[in-house]
Amino acid sequence: MTVFIASLFLPKTVHFTLPGTPPRGALSKKNEPLLAKKPPTTEEGAPSLFAAAQVNITPPITPTEERKPEDPFVNEDGLRIHLPPLDTASTGLRAPVDRSSPTWGGRPDQPMSRANSPPPPSIIDSNRHLQQKAKELGRQGVTQPRTLARSDSHDRVFAHANWKILSADQGNGGLRNAAEAAAREGKLGEYTWVGTLGMPTDALQGTQQLQDIEDRMATEHDMLTVFCSDKDFDGHYSHFCKQILWPVFHYQIPDNPKSKAYEDHSWKYYVNVNRAFADKIVKNWKRGDVIWVHDYHLLLVPNMVRQKIPEAKIGFFLHVAFPSSEVFRCLAVRKELLEGMLGANLIGFQIAEYTRHFLQTCSRLLSAEATPDGLQLEDRFVDVVSLPIGIDPVSLSAHREEDEVSRWMEIMRKRYAGKKLIVARDKLDHVRGVRQKLLSYELFLNKNPEWRDNVVLIQVALSTSEKSELDATVSDIVTRVNSSWGNMAYQPVHYLKQDIPYAQYLALLSIADALMITSQREGMNLTSHEYLYCQDGKISEKKHGSLILSEFTGTSSLFGGNELAVNPWDYNSCANAIKSALEMGDEEKERRWQKLYHAVNHHTGSHWFTEFMLRLDRVYDEQHHRDHTSVPRLSLNALARQYKNSERRLFILDFEGTLVSWGPINKIIPVSPQRTLDVLNDLLLDERNTIYVMSGRQPEELDRLFRRVPNLGLIAENGCFLKDCGSAEWTEMADSEQIRSWKQSVKNILQYYIERTPGAEIENRRCSLIFHYKSAEDYEAAARQASDCASHINDACEQQRVHAIPLDGCVLVEPIDWTKSTAAEKIFGDLKARMAPDAQHASPVDFLMVVGDGREDEKVFKWANALGEDKTVKEVVTVSLGNRNTEATATLTQGVSGVLMALQKLSQVA
Ligand SMILES: O=P(O)(O)OC[C@H]1O[C@H](O[C@H]2O[C@H](CO)[C@@H](O)[C@H](O)[C@H]2O)[C@H](O)[C@@H](O)[C@@H]1O
């Protein structure tokens with residue numbers, strides 16, 4: 001059995017050695033003597049972090065006019081590309097969990113992209129602006145980089161260059177670490193990554209080289225490479241993922257009218273890349289394999305695979321946040337995205353809030369029935385789980401032992417002697433809130449003069465494809481703070497617009513006095529976990545530092561308020577949090593840190609990985625067990641034998657869809673089907689038989705329908721009313737005061753929707769309300785109103801123990817606490833209570849048969865099966881008529897007539 005881990009980027013990629021350039025390994029070696037040299041010092045006499053960092057990283061080279069157009073070290077925009085940090089790309093060492101995501105197709109030792117899809121209007125506008133700017137600068141004698149075209153010679157260079165497989169510096173570091181940790185701990189057997197190389201490959205199309213790369217990735221690294229055209233990848237990742245999904249999932253709705261056209265344009269590329277993943281998985285899947293698809297880049301893959309392999313075991317995990325349904329519904333392709341995810345057996349989210357949003361969104365947009373465990377679709381159940389990812393403390397500890405970490409700690413200790421350090425490493429992306437952080441820090445310094453000269457904020461900013469606008473704003477704030485409060489010997493903000501090597505990162509986390517994360521939204525935030533881990537004081541005298549953490553991160557919900565939680569938009573409270581972090585007493589710091597450290601160690605990456613896998617196995621078995629195709633047909637002969645051998649029998653039979661065909665849901669059934677009444681009367685001739693009919697209909701309707709069947713017991717309104725066999729009285733099971741109170745609130749909500757849905761009507765039952773829209777003038781519009789209405793009621797009336805369930809053509813609003821199964825329990829309990837005192841240990845019946853076709857009947861099947869499993873009742877038979885996944889132990893495919901035939905047969909058993 002193999003586990004396929006599908007994620008957009010593979011953990012490995014390919015680097016080329018181009019003619020006339022040193023191979024990456026050689027480049028790194030060439031730099032080594034420099035590393036050994038004493039780093040340049042600043043005026044203060046201590047080595048500068050900036051200066052030293054630049055020794056270790058190949059500095060960016062500004063392109064000049066002399067550069068040849070086909071220079072492979074320049075991308076299509078004519079911009080010189082930074083090399084990735086040497087210690088991840090060339091040595092395969094780890095990177096921080098939150099890796100950088102350099103602009104796709106922009107590396108010097110990988111081919112350039114052939115994608116030339118029309119850029120969005122915003123880019124065209126900004127290019128125009130840049131061209132204008134360039135003209136102006138040109139007039140002033142300043143040289144600007146030229147836009148260079150990719151050429152055939154570029155392709156030839158790569159098609160014949162030597163290459164090697166190295167660790168990729170992009171993708172989800174948290175996921176990789178978690179998988180590796182689980183494998184190391186023996187909790188993950190054979191596994192295969194499925195993903196792209198994260199580089200353009202059009203230039204290599206049709207070459208032997210591409211085939212060799214694919215083969216070696218598979219044989220040497222267990223990685224299945226997904227190839228897609230540069231245009232598809234560019235449209236998928238840079239456009240649809242980054243411009244549409246990423247902002248929307250993080251609550252930033254592209255409200256620009258231009259964004260709509262942009263979305264339409266790039267959706268097809270998103271579909272194409274997802275299709276390429278699904279095809280690759282389907283081609284390699286074998287019976288028993290498990291498929292685990294990751295993150296927002298691949299939302300369509302689960303359903304694409306499900307269409308081809310209906311029995312596949314598929315998990316999906318969303319690493320980023322899932323927004324409120326109000327935000328998600330703005331996406332033009334919202335239904336397609338949800339349906340794509342729902343192809344999975346289990347869908348995981350980092351925290352309960354995202355899970356709840358997802359359930360609400362599906363119930364609202366797809367009219368699917370949501371329960372706390374998942375979604376009941378027409379023919380399948382899809383489970384959900386909230387499971388936060390974590391870090392891998394074991395490998396983190398090992399890396400902290402490296403000399404390079406101590407060396408950097410020493411450098412920084414000297415450089416920042418006597419200063420408190422606040423550190424941060426974020427993507428330069430609106431969502432990560434770097435701008436808000438700097439503004440808060442500025443406010444803090446403005447308000448607290450005593451801290452000027454005594455505190456430094458080190459902000460590492462990772463490049464993203466995001467516009468230079470944010471870059472410019474952030475740089476302006478940094479300049480303003482430094483020029484306001486800096487001097488020859490003091491710089492309040494050190495802003496590094498590049499990533500730093502892993503050793504420097506660990507050193508930074510270890511010597512910090514505080515870490516500050518101000519994301520506007522973030523799925524989790526593992527940097528804060530790494531920071532807490534590094535603050536244990538084992539390798540540094542700095543310990544138990546404070547954590548300032550945005551309340552809008554998933555991580556914040558794990559930390560129980562022991563962090564300094566901030567709202568990044570509230571600059572004043574962020575500034576106050578900085579002050580608290582720096583001035584907090586040692587005792588309080590330690591107390592908070594202990595709790596935070598405990599949470600980090602409890603939610604590790606390995607735990608997350610194995611828990612998800614276990615849960616997926618479990619729900620798959622449950623779902624499979626409930627799949628009506630795998631539930632055996634009812635054997636009439638076996639049933640007759642069980643019946644014959646029993647002495648006291650209880651039947652609980654659903655009414656509509658089971659004993660009679662469905663009538664018009666909001667109309668009173670006009671005539672009683674005689675055959676049903678005859679069969680029931682025949683069965684009741686045997687005194688050993690007790691029969692209850694259960695229904696959603698009101699007591700008076702059932703009385704009228706069954707007046708010719710004396711001794712029949714009745715359950716009305718799905719368990720809210722009960723009439724015992726032979727009794728003339730109904731017992732109200734539900735708490736009428738509670739019903740009265742929620743009905744009032746729900747009626748007000750229903751009224752609002754009914755006014756907007758011509759042709760729809762409200763049915764007022766005693767304990768439930770139904771919004772019927774089958775006869776609405778515009779069915780489509782009515783269905784949308786109905787979904788909104790259900791979700792509105794579920795949001796607003798959660799506390800009142802009532803829920804709204806979207807059904808075919810109506811929304812049923814009913815109490816949570818009284819169901820057909822609570823009524824069945826009451827019947828069973830009453831039968832037992834009537835037994836002789838000396839027989840109280842025995843069961844009141846030795847044969848129990850439940851037959852039904854609907855959602856409500858499933859709960860009764862479950863209850864009855866449990867009585868059979870624990871041997872309380874000797875013979876338990878549960879029979880489902882529908883096509884839905886079922887808890888029943890047998891199915892009947894001939895519908896109502898099959899049920900009547902079976903019951904008739906029993907009544908004739910001698
Ligand atoms: O930038 P992308 O290539 O599109 O990838 C998105 C981000 O994925 C990873 O972060 C997400 O997963 C983390 C672990 O589950 C979680 O902590 C974080 O909140 C998520 O956003 C990756 O670590 C980021 O670098 C990527 O930007």
Side-chain touch Val320/Tyr354, heavy atoms, less than 4.5 angstrom: no
Lys313 side-chain N/O to Asp621 backbone N/O, donor-acceptor pair under 3.5 Å: no
Pairwise salt bridge (Lys or Arg N to Asp or Glu O under 4.0 Å) hits with a residue in residues 863-877, at least two apart: none
N/O donor-acceptor pair under 3.5 Å between Asn681 side chain and Arg708 backbone: yes
Tyr773/Tyr779 aromatic ring centres below 6.0 Å: yes
Smallest separation among heavy atoms of Phe828 and Pro844, with atom names: CZ-CD, 3.7 Å
Derivation of the ring pair (Phe, Tyr, Trp, His ring centres under 6.0 Å) call for Phe655 and Phe706: CA-CA 11 Å; Phe655 180 47; Phe706 292 104; 5.2 Å; yes
Under 3.5 Å donor-acceptor, Arg329 side chain and Glu326 backbone: no
Test item: Ser635 side-chain N/O and Ala638 main-chain N/O as donor-acceptor pair under 3.5 Å: yes
Asp830 with Lys826: basic N within carboxylate O range, under 4.0 Å: yes
Whether His357 side chain and Ser325 backbone form a donor-acceptor pair below 3.5 Å: no
Arg615 versus Leu346, closest heavy-atom pair with distance: CG-CD2, 3.5 Å
Within-4.5 Å side-chain heavy-atom neighbours: Tyr692 and Leu714: no
Donor-acceptor contact present, side-chain Asp778 to main-chain Ala781, <3.5 Å: yes
Basic-acidic side-chain contact under 4.0 Å: Glu761, Lys774: no
Tyr753-His792 side chain donor-acceptor pair, cut-off 3.5 Å: yes
Heavy-atom side-chain contact between Val709 and Leu684 under 4.5 Å: yes
Plane angle bin for Tyr296 and Phe249 - parallel if under 30°, tilted between 30 and 60°, otherwise perpendicular: tilted
Pair Gln623, Asn345: side-chain N/O donor-acceptor within cut-off below 3.5 Å: yes
CA sep, side-chain torsions, deciding dist, call: Leu900, Arg675, side chain to side chain contact (heavy atoms under 4.5 Å, CB included): CA-CA 8 Å; Leu900 295 180; Arg675 180 152 182 244; 3.8 Å; yes
Min side-chain heavy-atom separation Gln800-Lys743 under 4.5 Å: no
Distance, nearest 0.5 Å, that separates CG of Leu712 from OG1 of Thr690: 10.5 Å
Asn689 and Tyr643 side chains, donor-acceptor separation under 3.5 Å: yes
Ion pair check, Glu814 and Arg855, cut-off under 4.0 Å: yes
Contact summary for Leu300 and Glu336, nearest pair of heavy atoms: CD2-O, 3.5 Å
Thr891 versus Arg633, side-chain donor and acceptor atoms under 3.5 Å: no
Side-chain donor-acceptor pair present, Ser386, Thr355, cut-off under 3.5 Å: yes
Test item: side-chain donor near acceptor, Trp730 and Asp703, under 3.5 Å: yes
For Met694 against Asp654, the heavy-atom pair lying closest together: O-OD1, 3.3 Å
Shortest non-hydrogen contact from Ala344 toward Arg306: C-NH2, 4.0 Å
Phe721 six-ring centre to Arg766 NZ/CZ under 6.0 Å and within 45° of normal: yes
Pair Arg356 + Glu353, salt bridge at N-O below 4.0 Å: no
Note, Val679 side chain near Asp682 side chain (heavy atom, < 4.5 Å): no
Asn865-Glu887 side chain donor-acceptor pair, cut-off 3.5 Å: no
Nearest non-hydrogen partners of Gly657 and Asp853, listed with the distance: CA-OD2, 3.6 Å
Under 3.5 Å side-chain donor-acceptor pair for Ser791 and Ser363: no
Arg618 charged N/C atom sitting above Tyr620 aromatic ring, 6.0 Å / 45°: no
Distance-only side-chain donor-acceptor flag, Thr819 / Glu856, under 3.5 Å: no
Donor-acceptor under 3.5 Å (Ser646 side chain, Phe847 main chain): no
Donor-acceptor pair, side chain of Ser821 and main chain of Trp863, under 3.5 angstrom: no
Name of the residue among Asn885, Thr886, Thr878 meeting side-chain hydrogen bond (donor to acceptor under 3.5 Å, both in side chains) with Glu858: Thr886
Any Gln894 side-chain heavy atom under 4.5 Å of Leu881 side chain: no
Aromatic plane relationship, Phe358 with Phe349 - under 30° parallel, 30 to 60° tilted, over 60° perpendicular: tilted
salt_bridge(Asp724, Arg834) N-O dist < 4.0 Å: yes
Any Leu342 side-chain heavy atom under 4.5 Å of Ile347 side chain: yes
Lys/Arg N to Asp/Glu carboxylate O, Asp846 vs Arg649, below 4.0 Å: no
